[in-house]
Novice: 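Here's a structure for you.
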Amino acid sequence: NILLIPFTAWLPLWASGWSAALLGAICMAGTVGACYRIAAHVGLGRAGRLTVVLLLVTNPSFVYVHTTGLSEPVLILFLSSAAAGLASYALVSRPMSAGETMVFCGLPAACAVLSRYEGWAIVMSGALFIAIVAWRRQRGRSQRERLRLIVKSIAAFLLWPGVAAA
C-alpha cells in the first residue's frame, strides 16, 4: 500500500505494527466524517448524525479492520468519500459543476480504484447513478440538450478513475 510509505520512515513504528494502525486510524476518521456528511445530506438532524458516528466507532468489526495492516481501511475510506460526494451531487439544491463532480465524486472513486480492484464497483454504479440523477434534473429541456448535459456529468465523474486505470 503506497499510503504506508511515509509511515515506514521510522523503523520501530513499522516493526511494531503501529504504522498500519496509524494509517487505519486516519482512514477511520475519514470514513466516519464521510458517513457524517452522508447523514447530513439525507436530512438527519444532529442527533441522527451523531448516532451514525457512534454506531461506526463502537462496531467491533469496523474497529478491528481499521487497526490491522490490511488495505480494506483505505478502500472503505474512499468508497464512503465517493458515496458522500454522490449524495451531495443528488441532494443539494444547486447542481454540481463538472469540476465539483470531478473533485468530490470522481477523485475519491479513482483513489478507491487505486487501493483495491473492488473500487470499480463505485465507479460503475456511480456513473449509472449520475446518469439517472442528471436525467431527472434536466426535465423540460430538449432531448439533445439533456443528453449533452448527462454525458458531460458522466465524463466529469469518470475522468479521474480513467486516469487511475491508465
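Worth knowing before you read on, the calculation uses all heavy atoms, side chains too, and leaves out hydrogens, waters and symmetry mates.
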Novice: Look up atom CG in L75 and atom SG in C111, then write down how far apart they are to the nearest 0.5 Å.
Specialist: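 Reported value, rounded in 0.5 Å steps: 11.0 Å.
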Novice: Nearest heavy-atom pair of K152 and A98: which atoms, and what distance?
Specialist: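 Minimum heavy-atom contact is CE-CB, 4.1 Å.
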Novice: If every non-hydrogen atom of S80 is compared with every non-hydrogen atom of I38, which pair is closest and at what distance?
Specialist: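 Taking S80 first and I38 second, the nearest heavy atoms are O-CD1, 3.9 Å.
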Novice: Linking I/L/V/M/F/W/Y whenever their side-chain heavy atoms sit closer than 4.5 Å, directly or via other members, would M96 and L149 fall into one cluster?
Specialist: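 No, separate clusters.
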Novice: Does any N or O in the side chain of S88 come within less than 3.5 Å of the main-chain N or O of A84, such that one atom is a donor and the other an acceptor?
Specialist: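 Checking the backbone N and O of A84 against the side chain of S88, no donor-acceptor pair under 3.5 Å is found.
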Novice: Quick one: is the NZ or CZ of R116 closer than 6.0 Å to the six-membered ring centre of F78, and within 45° of its axis?
Specialist: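 No; the conditions do not both hold, so R116 does not lie above the ring face of F78.
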Novice: Check P108 against A82 and note the closest heavy-atom contact, atom names and distance.
Specialist: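 Closest heavy-atom pair between P108 and A82: CB-N, 3.5 Å.
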Novice: How many angstroms lie between atom CD1 of I26 and atom CG of L77, to the nearest 0.5 angstrom?
Specialist: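 The CG atom of L77 is 10.0 Å from CD1 of I26, to the nearest 0.5 Å.
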Novice: With hydrophobic residues grouped by side-chain heavy-atom distances under 4.5 Å, do L86 and Y36 end up in a single group?
Specialist: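 In one cluster with L86: Y36, no.
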Novice: So if you build clusters from Ile, Leu, Val, Met, Phe, Trp, Tyr with side-chain heavy-atom gaps below 4.5 Å, do L158 and L107 land together?
Specialist: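 Result: no, two separate clusters.
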Novice: Let's go through V57 and V63 carefully: what are the C-alpha distance in whole Å and the side-chain angles of both, what is the deciding distance for side-chain contact (heavy atoms from CB on, under 4.5 Å) to 0.1 Å, and is it a yes or a no?
Specialist: CA-CA 7 Å; V57 298; V63 173; 5.6 Å; no
Novice: If hydrophobic clusters are built from ILVMFWY residues whose side chains come within less than 4.5 Å, do I76 and L56 share one?
Specialist: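 Yes.
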Novice: Side-chain contact, heavy-atom cut-off 4.5 Å: L23 with P73?
Specialist: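 Side-chain contact under 4.5 Å: no.
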Novice: Could you tell me if the side chain of Y89 sits less than 4.5 Å from the side chain of S153, heavy atoms only?
Specialist: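 Heavy-atom side-chain distance check passes, below 4.5 Å.
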Novice: Run the side-chain contact (heavy atoms from CB on, under 4.5 Å) check on L13 and L22 step by step: do they pass?
Specialist: CA-CA 10 Å; L13 195 65; L22 287 174; 4.1 Å; yes
Novice: Any idea which heavy atoms bring G106 and P161 closest together, and the distance?
Specialist: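 Heavy atoms of G106 and P161 come nearest at O-CD, 3.5 Å.
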Novice: In this structure, would V52 and V42 fall into the same cluster of hydrophobic residues linked by side-chain contacts under 4.5 Å?
Specialist: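 Yes, V52 connects to V42 through the hydrophobic network.
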Novice: Take R136 and R146 through the test side-chain contact (heavy atoms from CB on, under 4.5 Å) and record every step on the way to the result.
Specialist: CA-CA 9 Å; R136 296 190 73 198; R146 280 175 99 174; over 6 Å; no
Novice: Can you name the closest pair of heavy atoms from I154 and A131 and give their distance?
Specialist: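 Minimum heavy-atom contact is CD1-CB, 3.5 Å.
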Novice: Got a second to check how far T31's OG1 is from M28's CE, nearest 0.5 Å?
Specialist: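 Going from the OG1 atom of T31 to the CE atom of M28 covers 8.5 Å.
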Novice: Determine the minimum heavy-atom distance between A127 and F157, stating which atoms define it.
Specialist: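 Reported closest heavy-atom pair: N-CE2, 3.4 Å.
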Novice: Just verifying a value: how many Å separate L55 CG and N59 CG, rounded to the nearest 0.5 Å?
Specialist: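 Spacing of CG (L55) from CG (N59) equals 8.5 Å.
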Novice: Any donor-acceptor pair under 3.5 Å linking the side chain of R137 with the backbone of P95?
Specialist: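 Between the backbone of P95 and the side chain of R137 there is no qualifying donor-acceptor contact (under 3.5 Å).
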Novice: Does atom CH2 (W120) have a neighbourhood of more than 12 heavy atoms from anything else shown, all under 6.0 Å?
Specialist: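 Yes, because the 6.0 Å sphere around CH2 of W120 holds more than 12 heavy atoms from other groups.
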Novice: Atom OG of S97 and atom CZ of F104: how far apart are they, to the nearest 0.5 Å?
Specialist: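 Between S97 OG and F104 CZ, I get 8.5 Å after rounding to 0.5 Å.
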Novice: Rounded to the nearest 0.5 Å, what's the gap from CG on L159 to SG on C105? Could you check?
Specialist: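 Between L159 CG and C105 SG, I get 13.0 Å after rounding to 0.5 Å.
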Novice: With E72 as reference, evaluate T68, V74, L70 under the side-chain contact (heavy atoms from CB on, under 4.5 Å) test and give the passing residue.
Specialist: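 Among the candidates, only L70 passes.
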Novice: Keeping R49 on the side-chain end and G45 on the backbone end, is there a donor-acceptor pair under 3.5 Å?
Specialist: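 The answer is yes, because a donor-acceptor pair under 3.5 Å joins these two groups.
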